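Worksheet: one structure, shown below.
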Amino acid sequence: MAFVITSEDYTKYLAAAEKKLVDNKDYVTELDLATGDGDHWSNMNMGFKKLIENSDKLAELNISDEFKEIGKIMMSVIGGSSGVLYGSAYIGAAKASKGMEELDRDGLYAVLKAMLEAIMDRGQAKPGFKTMIDSLYPAVVEYGKCLDENVSDEKLCERVKTAAIDGANSTADMEAVKGRATYQADKGVGHLDPGAVTMSYQISVLMDTAKEKILA
Ligand code: ADP
Ligand code: MG
């Protein structure tokens with residue numbers, strides 16, 4: 001019982017992620033008001049709205065070209081640090097998936113790993129700096145462990161999702177080393193990092209999408 005994610009599945013994922021984001025508008029905005037400048041939700045929302053507008057076109061592309069197009073859209077539409085970081089992540093994902101027709105579990109791992117590497121390279125932040133990386137990094141590590149342990153795709157989806165959420169929650173105790181939270185006297189301690197939280201939403205919805213494909 002394995003999953004494969006097609007270009008069309010990925011546009012369905014985008015729609016579900018946009019919904020998750022919209023459902024958490026006030027919460028994410030509050031988090032960025034506490035640690036940054038309050039625009040993180042609206043930045044991400046603008047990006048996702050534009051992706052949804054283009055979803056018919058995106059679904060027709062092969063998966064690598066779809067990622068490239070998503071990267072371009074995110075880079076140009078999302079303001080703030082997240083635009084550049086997500087833009088770079090998707091351009092990295094496009095390179096990692098070149099020549100793949102669809103994503104199986106190894107393909108999705110390659111994509112998430114490439115996204116992590118691109119974000120770390122672009123933003124020069126490491127795990128523990130209280131950023132979006134603190135959700136993506138543990139998710140990628142957990143994904144790798146699941147592959148090593150050869151667990152079922154169902155278990156893999158659940159474990160990666162949990163790692164992303166736990167990772168975002170772990171940012172509450174962290175002192176910011178990168179991003180606007182470094183300007184706060186308390187370095188954001190006591191608050192979750194908004195970028196880590198929205199990253200955990202995206203990974204959660206992605207792994208739910210993959211899990212649904214196992215049952216389909
Ligand atoms: P800005 O901080 O420019 O207003 P956003 O509010 O859209 O941009 O995004 C803020 C989020 O970006 C932070 O919560 C953090 O997760 C992430 N972030 C900021 N700087 C970096 C970086 N150098 N590397 C990784 N993530 C970062
Ligand atoms: Mg901001």
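Counting starts at 1 for both ligands and their atoms, following the listed order. Note that the numbering runs from 1 along the sequence shown for the chain. Everything numeric in this text was worked out from a predicted model, so none of it was measured.
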Provide the atom name of the closest N, O or S atom of [X] relative to the Mg ion (ligand 2).
X   : value
D37 : OD1
D32 : OD2
D39 : OD1

When you compare ligand 1 with [X], is there at least one nitrogen or oxygen pair between them that comes in under 3.5 angstrom?
X    : answer
H40  : yes
G123 : yes
G195 : yes
D32  : yes
M132 : yes

> Is any NZ, NE, NH1 or NH2 atom of the basic residue among K155 and E158 found under 4.0 Å from an Asp or Glu carboxylate oxygen of the other?
Replying inline: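 The answer is yes: the pair qualifies as a salt bridge.
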Where on [X] is there a heavy atom closer than 4.0 Å to ligand 1, on the side chain, on the backbone, on both, or on neither?
X    : answer
L85  : side chain
I78  : neither
S81  : both
D37  : side chain
R180 : side chain

> Side chains of T29 and H40: does their closest heavy-atom pair fall under 4.5 Å?
Replying inline: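 Contact flag for T29/H40 side chains = no.
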Is it the case that the side chains of [Y] and [X] hold a donor-acceptor pair, with the cut-off being a distance below 3.5 Å and no angle test?
X    : Y    : answer
E142 : Y137 : no
D9   : T6   : yes
N62  : D65  : yes
K50  : N54  : no

For [atom], what is the closest protein heavy atom, and at what distance to 0.1 Å?
atom                    : result
atom 20 (N) of ligand 1 : G179 CA, 3.7 Å
atom 24 (N) of ligand 1 : A125 CB, 3.5 Å
atom 5 (P) of ligand 1  : S82 OG, 3.2 Å
atom 6 (O) of ligand 1  : D39 OD1, 3.0 Å
atom 14 (O) of ligand 1 : D193 OD1, 2.6 Å

> Which class fits the ring pair Y143 and Y109: parallel under 30°, tilted 30 to 60°, perpendicular over 60°?
Replying inline: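 Rings of Y143 and Y109: tilted, 30 to 60°.
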> Relative to F129, does K178 satisfy both conditions: NZ or CZ under 6.0 angstrom from the six-membered ring centre, and within 45 degrees of the ring's axis?
Replying inline: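 Output no; distance or angle outside limits.
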> For ligand 1, is P194 a contact, meaning one of its heavy atoms is under 4.0 Å away?
Replying inline: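 For ligand 1, residue contact (heavy atoms, under 4.0 Å) with P194 is present.
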> Just which atoms of ligand 1 are under 4.0 Å from any heavy atom in G80?
Replying inline: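 Matching atoms, with element in brackets: 3 (O), 8 (O).
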> Where the side chain of S200 meets the backbone of A168, is there a donor-acceptor pair that is under 3.5 Å apart?
Replying inline: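 Not at all, since once roles are kept as given, no pair shorter than 3.5 Å links the two residues.
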> Does the D134 side chain pair with the main chain of T131, one donor and one acceptor, at a distance under 3.5 Å?
Replying inline: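 Yes, D134 side chain to T131 backbone: donor-acceptor pair under 3.5 Å.
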> Any link between I78 and Y13 through a network of hydrophobic side chains (Ile, Leu, Val, Met, Phe, Trp, Tyr) touching at under 4.5 Å?
Replying inline: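 Yes, same cluster.
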> Of the options M207, K211, K145, which is the one that meets V160 in a side chain to side chain contact (heavy atoms under 4.5 Å, CB included)?
Replying inline: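 For V160, the side chain to side chain contact (heavy atoms under 4.5 Å, CB included) test succeeds with only one of M207, K211, K145, which is M207.
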